[in-house]
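Inspection log for the structure reproduced underneath, given as structure tokens.
We name chains A, B, ... by the order of the sequence lines, and we start the count at 1 in each one.
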Protein chains: 2
Amino acid sequence: MKVNDDKIEIDGIDKEILRFLMEDARKPILEIARKIGISGAAIHQRLRKLEQSGLIAGSKFIINPKVLGYTTMAFIGIYLDKAMRNPEAVKQLRKIPEVLECHYTTGNWSILAKIICKDNEHLMNLLNHKIQSIEGVSRTETFISLAQQIDRQISI
Amino acid sequence: MKVNDDKIEIDGIDKEILRFLMEDARKPILEIARKIGISGAAIHQRLRKLEQSGLIAGSKFIINPKVLGYTTMAFIGIYLDKAMRNPEAVKQLRKIPEVLECHYTTGNWSILAKIICKDNEHLMNLLNHKIQSIEGVSRTETFISLAQQIDRQISI
DNA sequence: CGTGAAATCGATTCCAC
DNA sequence: GTGGAATCGATTTCACG
């Protein structure tokens with residue numbers, strides 16, 4: 001899909017529509033229409049515009065990992081050997097389903113990853129057997145999330 | 001909504017349904033029904049079960065912050081004074097819309113936050129004027145995300 | 001568990017205004 | 001922007017297997 005990164009005009013009505021759908025992607029359009037006093041057709045027109053602008057990147061069902069027994073979230077700072085090409089390490093990380101996010105970062109590490117595990121033992125096995133064994137990974141630093149207090153998107 | 005954290009049975013059909021909807025929350029149920037060879041009513045029954053189990057935590061439209069000019073993501077490790085009650089700091093962080101995630105973590109910091117900014121200047125202002133000025137924050141360490149390579153949910 | 005049908009409502013597009 | 005028409009999907013309910 002083409003993305004126009006420039007000249008996006010978002011008015012207050014667009015924001016109201018988006019705020020509803022960012023909370024619940026399946027909220028009925030006609031219900032939103034009634035709440036903000038606009039026709040359903042107008043909402044559809046605006047949503048098409050917002051999709052074409054690239055502002056709406058899609059929609060997702062959100063899964064609660066705790067219900068599947070995944071109760072341990074952690075951030076892993078990864079040191080890579082200078083010789084190692086970072087993309088190869090990322091390719092290996094992508095194969096590990098527990099890795100939810102992976103960023104090239106400034107600062108101490110080459111890569112910062114966010115991972116989800118069932119428990120501390122699972123986390124330890126992941127670190128020792130899967131992440132540490134990636135070629136080029138020299139060292140890792142682990143920060144376990146004891147509790148996530150904020151989880152949201154950009155405010156519009 | 002009540003959440004049953006135990007005795008959740010997810011079979012292969014549930015997983016197929018969820019995989020579709022985790023990619024696109026507005027994918028037509030009947031389209032999913034046709035693809036996996038089951039009736040629409042059966043999908044609805046399973047979705048009700050999955051919602052009641054708490055596994056489905058909701059659905060969201062995903063907004064692309066870049067289109068709004070937010071191009072700089074960063075992780076901030078926050079050191080808090082021992083005397084400071086952490087919840088008060090979180091309360092202040094919650095008021096800062098640029099803060100997308102906030103975790104109590106093991107390790108060096110008290111808190112690890114993920115934030116989104118328009119640019120480095122915006123990030124600097126946020127750090128100097130909003131985060132550093134929170135009572136109890138003694139020091140911060142900033143890791144700018146140069147590129148996010150992986151962004152996904154738990155695999156089911 | 002599953003189905004198919006009915007009923008009601010929403011989604012989506014199109015069009016005339 | 002609007003409303004109406006048309007077509008399709010969403011959702012629930014139900015009788016049935």
Side-chain angles (χ1 to χ4, degrees), chain A residues 1-4 6-69 153 156, chain B residues 1-64 67-68 153-156:
Chain A
M1 185 192 301
K2 191 133 1 138
V3 175
N4 304 318
D6 43 21
K7 286 179 287 190
I8 311 300
E9 297 293 338
I10 313 288
D11 68 10
I13 295 176
D14 290 328
K15 290 181 182 177
E16 286 192 80
I17 297 168
L18 287 173
R19 278 193 278 258
F20 279 118
L21 292 172
M22 288 169 73
E23 284 302 309
D24 176 5
R26 292 184 84 96
K27 181 176 274 286
I29 303 297
L30 293 183
E31 191 180 322
I32 300 173
R34 285 189 295 268
K35 287 194 180 181
I36 67 183
I38 200 177
S39 72
I43 307 249
H44 282 289
Q45 288 170 23
R46 285 169 177 270
L47 282 176
R48 252 196 309 281
K49 179 198 70 178
L50 292 169
E51 278 165 16
Q52 285 165 356
S53 77
L55 178 56
I56 297 177
S59 63
K60 295 185 190 305
F61 261 52
I62 306 301
I63 298 302
N64 180 359
K66 289 196 174 82
V67 177
L68 297 177
Q153 291 190 70
I156 59 170
Chain B
M1 187 191 301
K2 200 153 324 160
V3 175
N4 305 319
D5 276 20
D6 42 21
K7 286 178 286 186
I8 311 300
E9 296 294 337
I10 314 288
D11 68 10
I13 294 178
D14 290 328
K15 290 181 183 178
E16 286 191 82
I17 297 168
L18 287 172
R19 277 194 278 258
F20 280 118
L21 292 172
M22 287 169 74
E23 284 301 309
D24 177 5
R26 291 185 85 96
K27 181 177 273 287
I29 303 297
L30 292 184
E31 192 180 321
I32 299 173
R34 283 189 295 268
K35 287 193 179 182
I36 68 183
I38 201 177
S39 72
I43 307 250
H44 283 288
Q45 287 171 26
R46 285 168 177 271
L47 283 175
R48 249 196 312 281
K49 179 198 69 177
L50 293 169
E51 278 164 18
Q52 285 165 356
S53 78
L55 178 56
I56 295 178
S59 63
K60 295 185 188 305
F61 261 52
I62 306 301
I63 298 303
N64 180 359
V67 177
L68 297 177
Q153 291 190 70
I154 194 172
S155 53
I156 59 169

Has B:Arg46 got a side-chain N or O lying under 4.0 Å from the OP1 or OP2 atom of D:dT11?
no
So which heavy atom on B:Arg26 is nearest to which on B:Phe61, and how close?
CD-CE1, 3.6 Å
Check B:Ile29 against B:Gly40 and note the closest heavy-atom contact, atom names and distance.
CG2-O, 4.3 Å
Side-chain N or O of B:Arg48 closer than 4.0 Å to phosphate OP1/OP2 of D:dT12
yes
Whole Å only: how far is the CD1 atom of B:Ile38 from the P atom of C:dG2?
5 Å
Which nucleotide, C:dT3, C:dA11, D:dG1, lies nearest any side-chain atom of B:Ala42?
C:dT3
Measure CD1/A:Ile43 against P/C:dG10 and give the value in whole Å, please.
13 Å
Interatomic distance, A:Leu47 CG vs C:dA11 P [rounded to whole Å]:
10 Å
Take atom CZ of A:Arg34 and atom C1' of C:dA11, then tell me their distance rounded to the nearest Å.
13 Å
For B:Lys49 and C:dG2, give me the distance from atom NZ to atom P, rounded to whole Å.
8 Å
Between A:Arg26 and D:dT11, is there a contact of a side-chain N or O with OP1 or OP2 at under 4.0 Å?
yes
Starting at CG of B:Leu21 and ending at P of D:dG9, how long is that distance when rounded to a whole Å?
16 Å
C:dG2 phosphate, OP1 or OP2: any side-chain N/O from B:Ser39 under 4.0 angstrom?
no
How many angstroms lie between atom CG of B:Leu68 and atom CG of A:Leu55, to the nearest 0.5 angstrom?
5.0 Å
Counting side-chain heavy atoms from CB outward, which of D:dG9, C:dT3, C:dA11 is closest to A:Leu30?
C:dA11
Using heavy-atom distances to pick each residue's nearest nucleotide on DNA chain C, tell me which of A:Gln45 and A:Ile29 is more 5'.
A:Ile29
Between P on C:dT8 and NE2 on B:His44, what's the gap in Å once rounded to a whole number?
17 Å
Any salt bridge between A:Lys27 and A:Glu23, counting N to O under 4.0 Å?
no
Run the side chain to side chain contact (heavy atoms under 4.5 Å, CB included) test on A:Leu50 and A:Ile10 for me, step by step, so that the C-alpha distance in whole Å, both residues' side-chain angles and the decisive distance to 0.1 Å come before the verdict.
CA-CA 8 Å; A:Leu50 292 169; A:Ile10 313 288; 3.4 Å; yes
Please give, in whole Å, the distance from C:dT12 P to A:Ile32 CD1?
11 Å
